[in-house]
Every structure is written in C-alpha cells, then in structure tokens.
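Single-structure report; data block below.
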Amino acid sequence: MTNVFSKERLLQDVEKCKTYPAIDPKVLTDRLDELAAIGKTSDGGVTRFVYTDEEKQAKELFKKWIREAGLTVTEDTAGNLFARYEGTEPELPVVMTGSHIDSVPNGGAFDGPLGCLSSLMAIEAMIQQKEKPKRSIEFVIFVNEEGSRFKNGIFGSRAMMGEVTYHELEAHHDDDGITVAEAMRQQGLTPENIEQKPRKAEDIYAFLELHIEQGKQLELNEETIGIVTGIAGPSWHTFTFYGETDHAGNTPMHMRKDTVTGAAEFILEVEKLPRQMNETAVATVGKMYVYPNGTNVIAGKTAVNVDARDIHTDTLAELNERIVAKAHEIAEKRGLTVHHENPTNIPPVPVPENIQTYIKQAAINHDLPYRHLVSGAGHDAMIVGKYVPAGMIFVPSVNGKSHSPEEFTYLSDCVDGVAVMKDVLWKLANE
C-alpha cells in the first residue's frame, strides 16, 4: 500500500526539509522506521501495547539512543522511562518533555513516537551545539497512553503524578484475563510500589509535548505548526437502559419496553446537544451493548457509552448535565429505567499564554506558518497540565488520518516540529 508509512515514502520529502543545526532529517527517518517495524501489522500499521515484548523492544531502542547522547536512563515503578539533561542550575524545577510509544490496534507510526523523538532530538541538538540551559530538561516516555490493552489510558502520566492506586492495577485486565499488575510483574516491575514516590508538582516547572494534529486544519490551511490553546477534558459516561426482554413476534408494539429504541432516541439527542453549547463541545457514542443481542428478541437491557468533551469547564459541566437529564427523560417517557455511571471526568487544561507565545515566536523565527487550535483528543500533557503549566505543539496529519495505518506526516513537517520544540524548550529552561 502506498498510503501507509514506509521509509521510502518519508524520504520522498527530504529535499523539502529546512536546514537546522544539529537536526538531521535522515536520523529522524531511520528512527521512525526502526520504531514502525516493531509491532508492524500486515496492513502496514502498528500494534504495540503496554507491557508486551513489542513495547520492551521499542524501549530498548530509546535506551540505546539516550545512552548514545550521553544521558542516563532511569525507569519508575510504572515503567515510564526518563533521561535528564543537566542544566547549569540543577536545583531548579525541571522542564519536562516527551510523549508515548504504545499504539491503538493497527495504529500508525507517528502518534506518540514522533513526540518522543522530537523531544529527544531537540535535547540532542542542544548537546551537540554545547548549549547548556539554566534548568535541567527531563525527557520522558510515558507508558500506556492509549489504554488499548487494559482500557485504562493516559496511565503512565497519571501514575507519575500519583493518581494510580494498586486497586486499579488489579481491577483492569486484558482480553486474556491478565491484570495490569500481572503484566507489570512479567516485565520485571513491582506493581505493589505504584503508590510510592509520585512526582512532586513543585519539582516540574513546565511540560511540553509535540504531537500530530489528528485532524485536517493545518493541512487544509497549508500551515506547519499548531499552537494548542487548550486540551479538551473528556467525560466518559455509561448509560444502561433497563426494560423487558420479550419475544419479537408475539409482543404487540404498544406493549413493549424496548431498550434498543430508547437507546437509539438517546443517541440521536446526544448528537444534538453539543451544538447547543458552543463550537468546541463534542459528544460521541462509539460503543453500545445489547442484551441478549438476538435477532428475534426485544432487548431488555442496552448499555450506551458516551464520550463528551470541551475545553471550557463550565460548558463541559453543563453538557454533561444535559446528557444525563436527557437519558432520564427518555427512559421515563418509554417506561424504562436507566442507570448512569461516570468513571472518567478529566477537567479541560488551558495552555498558558507564555508557552503559546514561545511556540508562536519559534514558528515566526523559522518562517513557518502557524495556527492556534484546540486539542479535542486527550494526551499525557492533559494529565501533567492539571498540576503544572503544560503546552503542546501540533504538526500536520496527512488527510487528517490517525489511529490508522494511513497515519502519516511529511518529513519536512516532522523536522520543523523538532526545531520549534528545541526553541521552546530552550526558552522555558532559561526562565
């Protein structure tokens, strides 16, 4: 397939790459290619889950590159990797930067790995140019951002900030019944220590993450750098409608308590609600369960999962309230009952003005067109940003593709992202 990642496809753009000191497009290409080979699927995508041999291989590659840069690798209880570039005043809170290397099933080569490589190569460029910042810069690779194996995403950053309990490690399991705790032990980690020594917020001055846009705005407007103004807070809801299970042929229409039709009406209402709020709110029903799920059976139970997001705390709260109210309204009208759970409720994270300004200045300095935009997707920066100032740099996604083998970003855009990352890290580390 010509529309998936390959080293050859990436290098087709190499002549268009701007020249930046100590940033080598071919090194970036080789590294992306090596990472994409780990967990490569028959479709040309990548499947690389947390606490697997594939993730371990990817980690070993990064350990090798980190050591070649002259830095020391450390690992915390969750399996997050760290490397520290010592500043001239190492007692100051650090500037942290990084992303993740795990993937969704049959995902792409850029979501996560490009962010990790951008952070590492920005630091390597400083080292090669013998540039010493005032603050130390700490590179991190977070584990399990996607949550694909255990359905508990943005895990590594949560663990680092002390949000993960041992109970969570026992509560979540993969499709084979292996718990997070068991998988951690298989990797030589000690899950019993997960609640010990979380990172203190006061030890981190700021966090910066580069990511592919996972949308089309930059590409459609022929812009290179996305300046993220805020990260939408996701709220995940489960609504379980209860009615009566009956025979599809022998139950008159007026006597039914059909949970599927109730759920269907609810789903259509969920689609309408964000537009009543503002332009940034969104809500999605991406999963539902029908019980007993028979063609000739009126379902007495249907569960619907709703993902609601916005970058504004007040409107997100109101959106959530309206979704819950609508579920109860529909259930009452149809003679059903509904049970509501809200297991995930993460507040939106605004990006501080100074970080946005630094990204803008770097883009202007390198003559790169830019755009301010919001991140509808969750990232590790969203978790760290709850505690310390955090920012994000976006680079374009071809055709807006992400979480797919067709996920692709041109090499010139990748290299420009590294250059901007280096400049912003330097600014933050010298504040």
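Small disclaimer: the values here were computed from a predicted structure and weren't measured.
Under the 4.0 Å criterion applied to side-chain N and carboxylate O atoms, Arg149 and Asp102 are not assigned as salt-bridge partners. Under 4.0 Å is where a charged nitrogen must lie from a carboxylate oxygen, and between Arg185 and Glu182 no such pair does. Looking at Lys59 and Glu75, a side-chain N of the basic residue comes within less than 4.0 Å of a carboxylate O on the acidic one, giving a salt bridge. Ion pairing between Glu68 and Lys64 holds under the 4.0 Å rule for side-chain N and carboxylate O. Looking at Glu54 and Lys56, no side-chain N of the basic residue comes within less than 4.0 Å of a carboxylate O on the acidic one, giving no salt bridge. The existence of a salt bridge linking Lys427 and Glu431 is excluded, since no basic side-chain nitrogen approaches an acidic carboxylate oxygen closer than 4.0 Å. The pair Arg199-Glu138 meets the salt-bridge criterion, with a side-chain N (NZ, NE, NH1 or NH2) lying under 4.0 Å from an Asp/Glu carboxylate O. Note on Glu34 versus Lys7: no salt bridge recorded, every NZ/NE/NH1/NH2 to OD/OE distance being 4.0 Å or above. Salt-bridge formation is not detected for the pair Arg371/Glu213: no Lys NZ or Arg NE/NH1/NH2 atom is positioned less than 4.0 Å from an Asp or Glu carboxylate oxygen. The existence of a salt bridge linking Glu269 and Lys326 is confirmed by a sub-4.0 Å separation between a basic side-chain nitrogen and an acidic carboxylate oxygen. Salt bridge Glu168/Arg158: present, at least one basic N to carboxylate O contact under 4.0 Å. Salt-bridge formation is detected for the pair Asp307/Arg309: a Lys NZ or Arg NE/NH1/NH2 atom is positioned less than 4.0 Å from an Asp or Glu carboxylate oxygen.
In this model, a donor atom of one side chain and an acceptor atom of the other lie less than 3.5 Å apart for Thr280 and Asn278. Inspection of the Glu406 and Asn399 side chains reveals no N or O donor paired with an N or O acceptor under 3.5 Å.
Heavy atoms of other residues, nucleotides or ligands lying less than 6.0 angstrom from CD of Glu279 number 12 at most. The number of heavy-atom neighbours closer than 6.0 Å to CZ of Phe408, taken from other residues, nucleotides and ligands shown, is above 12. Heavy-atom neighbours of Asp314 CG from other residues, nucleotides or ligands within 6.0 Å: above the threshold of 12. The local environment of NZ in Lys132 is crowded, with over 12 non-hydrogen atoms from other residues, nucleotides or ligands closer than 6.0 Å. Annotation: Tyr166, atom OH; neighbour count of heavy atoms from other residues, nucleotides and ligands within 6.0 Å is above 12. Enclosure of atom NZ in Lys40 is not indicated, since only 12 or fewer non-hydrogen atoms of other residues, nucleotides or ligands lie within 6.0 angstrom.
Ring to ring, Phe239 and His340 are close: their centroids are under 6.0 angstrom apart. Less than 6.0 angstrom separates the ring centroid of Phe5 from the ring centroid of Phe110. A distance of 6.0 Å or more separates the ring centres of Phe82 and Phe139. Under the 6.0 Å cut-off for aromatic ring centres, Phe241 and Phe266 qualify, their centroids lying closer than that.
Closest non-hydrogen pair, Asp380 versus Ser157, comes out as OD1-OG, 2.7 Å. The two atoms that bring Ala263 and Val304 nearest to each other are CB-CG2, 3.6 Å, heavy atoms only. The two residues Pro90 and Ser136 come nearest to each other via the heavy atoms CA-OG, 3.8 Å.
Listed for the Arg48 side chain is a donor-acceptor partner under 3.5 Å among the backbone atoms of Ile101. Not a single donor-acceptor pair under 3.5 Å links the side chain of Glu209 to the backbone N or O of Gly391. Formation of a donor-acceptor pair under 3.5 Å by the Thr47 side chain with backbone atoms of Pro105 is not found in this model.
Here side chain to side chain donor-acceptor pair (under 3.5 Å) pairs that include residues 15-25, with residues two or more places apart or in two chains, are Tyr20-Asp416.
Looking only at side-chain heavy atoms (C-beta outward), Met184 and Val50 stay at 4.5 Å or farther from each other. Two residues are said to be in side-chain contact when any heavy atoms from C-beta on lie closer than 4.5 Å; Trp236 and Val306 fail this criterion.
Rounded to the nearest 0.5 Å, atoms NZ (Lys422) and CG (Leu210) are 15.0 Å apart.
Evaluation of the side-chain hydrogen bond (donor to acceptor under 3.5 Å, both in side chains) rule for Glu407 yields Ser402 as partners, not counting sequence neighbours. In terms of the ring pair (Phe, Tyr, Trp, His ring centres under 6.0 Å) criterion, His173 has no residue partners (sequence neighbours excluded).
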field: Check against side-chain hydrogen bond (donor to acceptor under 3.5 Å, both in side chains), His237 and Asn305
entry: CA-CA 6 Å; His237 305 262; Asn305 289 1; over 6 Å; no
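Because its NZ or CZ atom is not both nearer than 6.0 Å to the ring centre of Tyr242 and within 45° of the ring axis, Lys301 does not count as a cation-pi partner of that residue.
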